[in-house]
Each structure stands twice: as C-alpha cells, then as structure tokens.
Protein chains: 2
Amino acid sequence: MKILIADDHALFRQGLLYTLQSLGDDVEVMEASNAKEVLDYVEQYTDLDLVLMDLDMPGIDGYSGLLKLRESHPELPVAIVTASEYEADMLRIIDSGASGYIPKSLTSSEMLDALKQILDGEIFVPDLSATSGTFQIRQITGSGPLLASLDKSEAAAEIKSRLTPRQLDVLKLMCEGMSNKVIAHSLGMAEGTVKIHVTAILKELNATNRTQAVIMAKEIGFISA
Amino acid sequence: MKILIADDHALFRQGLLYTLQSLGDDVEVMEASNAKEVLDYVEQYTDLDLVLMDLDMPGIDGYSGLLKLRESHPELPVAIVTASEYEADMLRIIDSGASGYIPKSLTSSEMLDALKQILDGEIFVPDLSATSGTFQIRQITGSGPLLASLDKSEAAAEIKSRLTPRQLDVLKLMCEGMSNKVIAHSLGMAEGTVKIHVTAILKELNATNRTQAVIMAKEIGFISA
DNA sequence: CATCCGCTATCAATATTTTCATTGGTGTAT
DNA sequence: ATACACCAATGAAAATATTGATAGCGGATG
C-alpha cells in the first residue's frame, strides 16, 4: 500500500506519517511538499494507492493539482486535506472528483476512519453541520397542514416512516447543500436515480422544490442525526 | 521543562510533539486545541516555560490569546505558530510581545533551532525574504475567512453588513423556500432582477447554489428575525 | 413449492422549468 | 464618482417531471 502525502508543513506531514503507520505494516508513505512534486511522483510511481493533498500549498495549489490529477490519472484516488472547513469548498472539491475532504482539525482516530473509508472506495466528507441552531415550525407556502400540526419528534418520525432508506440517504445529503451530481457521486448511484429519489421526497414532503424540502427537514430536526 | 502547544489540528500537534521530544528528556509537553484551554492551563500550571500557540484557531484566535497572555502573564514566553507568512502579521505579532513567529512550513530541524533560540530568551523571526518563492499574494475570494473565526451573532452582523438591503429582502424569501418567480412577484420586481440579487448573495456567502445559501443563513440564525 | 404481486432500487432518456452567470443599459441617490 | 436598484436578454447548467425497463425481495395465493 503506497500513500503519497503532500503538505508544505513538515510537522503536519510528520504527524500524518505517524498516524498512517497505524493502518498496517505494509503501508509505505511518501512525502511531497508541493503540488509539483506530486505531479512528478505520480508519473514516476504508478503503483500509488492514494494521494493525500493539502489544499493550501505554495506554487500550484491543491485544487489545481487535484484537477490535473483527475485528468491525467482518473483512477487514482485523491483526497484533499485542508485547514478550511467551508462547505462550499468541500462541495467544489468533491464535485471535482476528490475521494474525500479531510479537515485538518480531525483527531488521529477520526483521520484513520476517514482514510479507511476512502481506501474502501467510498467518499469521505466531514459532518460540518452539527449546529442545529434555529428551529421554528414555519408555514411553508404549499406545505400541507400535516407538519405544522405535529410536534417535532412526531413529525420526524412521520417523515422517516414515509421515506424509504435510500430516500433518507439522499435527503440527508440534500440538507448539506449538495447538488444531485455530487449526491450521486457520493452515494455511488447515477444522477438520474438521485433525481427520482428527489422527486419522491418532494412529493412525500409536499414541497415544491429542494430548498423547501431541506428547510422542512432541518426545522423538524431529524437531519442532525 | 514544560511546553504547552496549542493548535486545533491534532496531527500537527502530534508532529510538533514528536519534534519537541528531541529537545531533551526533561521536556514535558502539554496540548491544547484552542485558546481558551490555553488560558485555563496557564492559570493551573504556573511553571510553564513556553507556550506555542497557533494563530488560526476556532473560538478565541491566537492573536487575542496572545494579548491576553501578555496581560496576565507578562513573563511567560509565547511564540506564535502560523500557516501564514505575511510580514505584516509577523510585525504585528512580535510587536504585541510574542517571543517568536514560527511558520508552519519550517522543517523539524529549523523548528528546533527556532525553539532553542526562543528558550534562550531570544526572539525568533523567520527570514521571509529567503522563501520568496513561497510568497504568493493569496487572494481572498470575496467573503474571505471571516465567517469561520466569528461566532454566530458576529457572523450574522457580518453578513448583514455585506449584503445590501434589497439582497437581504431576497435572501429572507429564499429562506422561505420561494422560487425566483414567487420572490419577484412578492417584492414587486422582475424575475431577472431577483436572479441578479441571488447571484450576488451566493457570491457574498461563498455558496454554490441557493440551498447552500439558505442553509448558511439559517445556521447563522440571522433570518429568524 | 412455484408463481404472482407489490415495493424498492436502479438506469436511460426526454422534455420542461428553474437556477445561475454574464453583459449591457437606465435611473437615482450620495 | 460610486454604489445601489432595476430591467432585458442570452446561454449554460441544474433541477424537476415523466416514461419505460430491469432486478431483487418479501408476502400472498394457488
């Protein structure tokens, strides 16, 4: 198992290196301190299993590096490691074909879980939400009277019972602000299938567009889980 | 010798921890993941020899933490560790009484040299001119990193100040799940005008679609008013 | 037991609407 | 002068609706 880590901060590389050892004895870690080195490496070593690249590096930045890698080596998993935790960044990066968006604020064990997930072929995205701040049952134009007349937990149970498991998966990602394309990529299904689920969700929730559906889901509070 | 390191990135702490061991056997390292923990630590442990504090942390940022430490414990050496390499930052920080300005891009050995220098009572500043290759004027895209470092109410004020009154009107209705057409009708303007406002809002909030913008606005909590 | 039926999940493909980006122009305050 | 609000209009992308087809899975029926 060969993993290439790219970060301009030597000490962070060192911490990551140390953590990566826990993945197993057959893990070989290589280091790069900028994106250009990464591009050179992937030419030279064709047996890489994963590239972990910092977003913020001198010279070619990680995002440009990601785009170039996706173009030249589409099958090589590339995960972006970053100090930023903007959902917008995350979406942009996942949308560009990265296998994961890994905040530097993760603990070692969280980082390991994320990496295992990525090495399993899944896409890792952190749970940036967890805010759960503002609730109020508000009348949504066109929303049925059902939701307004139930309290939160009842409504949440109502919804969960009416939506299929797969629909719940999709709704959860909708609540992260993801586009159909990103959701499809994230859940490993075709974009068309996502659309079918979205349509079904809108119908069940009696919403006329995705934003309304997300608002309802968030206000009811069943997405925070 | 007791050293407290404060950084919200666990892996960086780990790398730094490892490096600090090389300073000698009698080095005891403590960790904090935010500035508040630092302030608590220094109250509890009065025999600290050095604090290494990241500039960019959630909650109280490193600079504020530095100022507070200089006030409460003027004799305790505090060095700032940072991902940024701006001369302006450096001057501000050294001027505020820090014992050093340590770029995260330093190698382990450079870091050790810097720390030794600081422990000797000197003030460490990097040679920024040497790393001129690294010198990129980072463009802050529109919104910038501001929101991450502010708490909700501050962020709400931030947003409100950056959006025009009419944009706020539109955003409010977006948060109700209305389509552009309905918003236009509702505010008595053309649909095209709504689109322009929406585009401007997305840009300001650094969002890639309307659902994201609504999520952000709701999470920050400024729409409830 | 086999078959039929209903539910779910998947993909493909089409058509329409909505959303988003951009450019250019007008008026209006400060 | 500069920022704001507004409109028109274009093009591209995303979202929504719909139809058709395949496949697995569980229950019901014969």
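The sequence lines fix the lettering, A, B, ..., with proteins before strands; numbering per chain opens at 1.
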For [X] and [Y], work out which heavy atoms get closest and say how close.
X        : Y        : value
A/Glu37  : A/Asn34  : N-OD1, 2.9 Å
B/Ile102 : B/Phe124 : CG1-CD2, 4.1 Å
A/Leu112 : A/Ser22  : CD1-CB, 3.8 Å

Using atom types as modelled and distance alone, determine if a side-chain donor or acceptor of A/Gln212 lies under 3.5 Å from a backbone N or O of A/Ala207.
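Side chain of A/Gln212 to backbone of A/Ala207: no pair is present.
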For DNA chain D, which nucleotides open and close the run of contacts to chain A, 5' to 3', at under 4.0 angstrom from a non-hydrogen atom?
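The footprint of chain A covers D/dA14 to D/dA17.
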Can you tell me how far C1' of C/dC7 sits from NE2 of A/His197, to the nearest Å?
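Rounding to the nearest Å, NE2 of A/His197 and C1' of C/dC7 are 13 Å apart.
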With B/Gln167 as reference, evaluate B/Asp169, B/Leu163, B/Val170 under the side chain to side chain contact (heavy atoms under 4.5 Å, CB included) test and give the passing residue.
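The side chain to side chain contact (heavy atoms under 4.5 Å, CB included) with B/Gln167 is passed solely by B/Leu163 among B/Asp169, B/Leu163, B/Val170.
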Once each nucleotide of nucleotides 15-25 of chain C is scored for protein heavy atoms under 4.0 Å, what B/S/- sequence comes out, 5' to 3'?
---SBBS----
Report yes or no: is the cationic atom of A/Lys2 (NZ for Lys, CZ for Arg) closer than 6.0 Å to the six-membered ring centre of A/Tyr45, at no more than 45° off its axis?
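The answer is no; the distance or angle limit is not met.
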Only one of B/Glu191, B/Arg210, B/Lys195 passes side chain to side chain donor-acceptor pair (under 3.5 Å) with B/Asn180; say which it is.
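The residue from B/Glu191, B/Arg210, B/Lys195 that satisfies side chain to side chain donor-acceptor pair (under 3.5 Å) with B/Asn180 turns out to be B/Arg210.
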Can you name the salt bridge (charged side-chain N to carboxylate O under 4.0 Å, His left out) partners of A/Glu31, sequence neighbours left out?
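Only A/Arg13 meet the salt bridge (charged side-chain N to carboxylate O under 4.0 Å, His left out) criterion with A/Glu31.
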